[in-house]
Amino acid sequence: YGNVVLSVDVRLAGAVGAKRELPARFFAAADADALRAARPADVVAAPGPVLASAAAAIGHTQTVPDGDGTVRADAAALRVGESELLPSLATAVAARAFGVAPAELSFASGDALHLGDRVRSLGEALTIRPHYFPAQPPQVAHYPYWRVLAGEIPAAQLRNKIVIIG
């Protein structure tokens with residue numbers, strides 16, 4: 001699976017999100033408290049089977065603004081169906097950076113995210129505040145996908161890197 005991370009589009013749902021359309025390996029473990037705390041969502045658009053089979057992780061890109069309309073936190077996971085948590089793209093990328101597979105992520109008691117042996121506190125509805133990288137020097141390289149497919153980007157530049165497509 002390498003380090004390719006794909007995004008999936010979701011829509012916040014009323015009470016229970018629709019049953020998942022993705023392989024079980026992309027979902028995080030959760031106890032009953034975490035499942036109750038998570039916002040329900042429906043998967044609207046997911047990568048096709050060929051791309052999904054090559055991905056190490058998939059994460060949602062849904063944002064949830066505060067009451068004043070400003071987005072200040074990431075929904076670290078959303079509940080899809082009755083009993084599965086879909087990590088956010090940010091959570092999926094962090095997990096890959098620490099060598100943790102999506103199915104090894106764990107949400108406990110609705111207030112903690114376990115990334116292997118690392119534990120991060122969560123806010124209401126499994127939210128987490130971002131940690132920003134400095135703007136200079138640039139921390140993330142950007143390549144148009146067509147340049148990668150055309151062979152213009154040497155494989156060595158992508159080897160052992162986390163790759164986000166989308």
Side-chain angles (χ1 to χ4, degrees), residues 1-67 69-116 118-133 140 142 145 161-166:
Y1 300 126
N3 283 325
V4 174
V5 180
L6 301 172
S7 63
V8 61
D9 290 329
V10 299
R11 176 187 60 220
L12 293 180
V16 176
K19 187 155 176 62
R20 68 175 167 87
E21 303 171 10
L22 301 165
R25 68 184 178 89
F26 292 128
F27 292 90
D31 63 17
D33 290 334
L35 289 169
R36 274 191 298 278
R39 289 179 173 93
D42 296 323
V43 174
V44 176
V50 172
L51 284 177
S53 70
I58 288 179
H60 74 81
T61 56
Q62 179 70 45
T63 58
V64 182
D66 289 347
T70 302
V71 176
R72 294 185 178 90
D74 177 53
L78 298 172
R79 188 177 72 245
V80 178
E82 294 285 335
S83 61
E84 295 175 302
L85 289 182
L86 178 64
S88 68
L89 187 62
T91 300
V93 169
R96 292 305 309 145
F98 293 129
V100 176
E104 296 170 343
L105 287 171
S106 175
F107 290 83
S109 305
D111 64 359
L113 165 60
H114 297 262
L115 293 152
R118 293 168 175 82
V119 180
R120 292 293 316 270
S121 295
L122 297 173
E124 181 182 342
L126 306 185
T127 57
I128 190 166
R129 298 280 183 169
H131 292 265
Y132 296 100
F133 289 109
V140 179
H142 298 245
Y145 78 93
K161 304 289 191 234
I162 295 172
V163 177
I164 301 170
I165 300 172

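Nearest heavy atom pair, residue Thr61 against residue Ser7, reads CG2-CB, 3.6 Å. Across every non-hydrogen atom of Gly110 and Leu122, the tightest pair is O-CB, 4.5 Å. The shortest heavy-atom contact between Ala37 and Leu126 is CB-CD2, 4.2 Å. For Ala52 against Ile58, the heavy-atom pair with the smallest separation is CB-CD1, 4.4 Å. The shortest heavy-atom contact between Ala108 and His114 is CB-NE2, 3.8 Å. Of all heavy-atom pairs between Ala38 and Ala77, the closest is CB-O, 4.4 Å.
Residues satisfying the side chain to side chain donor-acceptor pair (under 3.5 Å) test with Arg120, not counting sequence neighbours, are His131. By the side chain to side chain contact (heavy atoms under 4.5 Å, CB included) test, Ala30 is found to be paired with Ala34, Leu35, Leu85, Phe107, residues two or more places apart in sequence or in another chain being considered.
Rounded to the nearest 0.5 Å, atoms NZ (Lys161) and CZ (Arg96) are 14.5 Å apart. Atoms CG and CZ, from Leu115 and Phe98 in turn, are 6.5 Å apart once rounded to the nearest 0.5 Å. Taking CG of Leu78 as the start and CG of Asp42 as the end, the distance is 10.5 Å to the nearest 0.5 Å. Note that CG of Leu113 is 5.5 Å distant from CD1 of Ile128, once rounded to the nearest 0.5 Å. If you take CG on Asp9 and NE2 on His60, they are separated by 11.5 Å, rounding to the nearest 0.5 Å. Distance check, rounded to the nearest 0.5 Å: CG of Leu86 to CZ of Arg79 gives 12.5 Å.
Side-chain contact between Leu51 and Leu6: present, with at least one pair of heavy atoms (C-beta onward) separated by less than 4.5 Å.
With Asp74 as the partner, the side chain to side chain contact (heavy atoms under 4.5 Å, CB included) test is satisfied by one option alone out of Ser88, Pro130, Pro87: Ser88.
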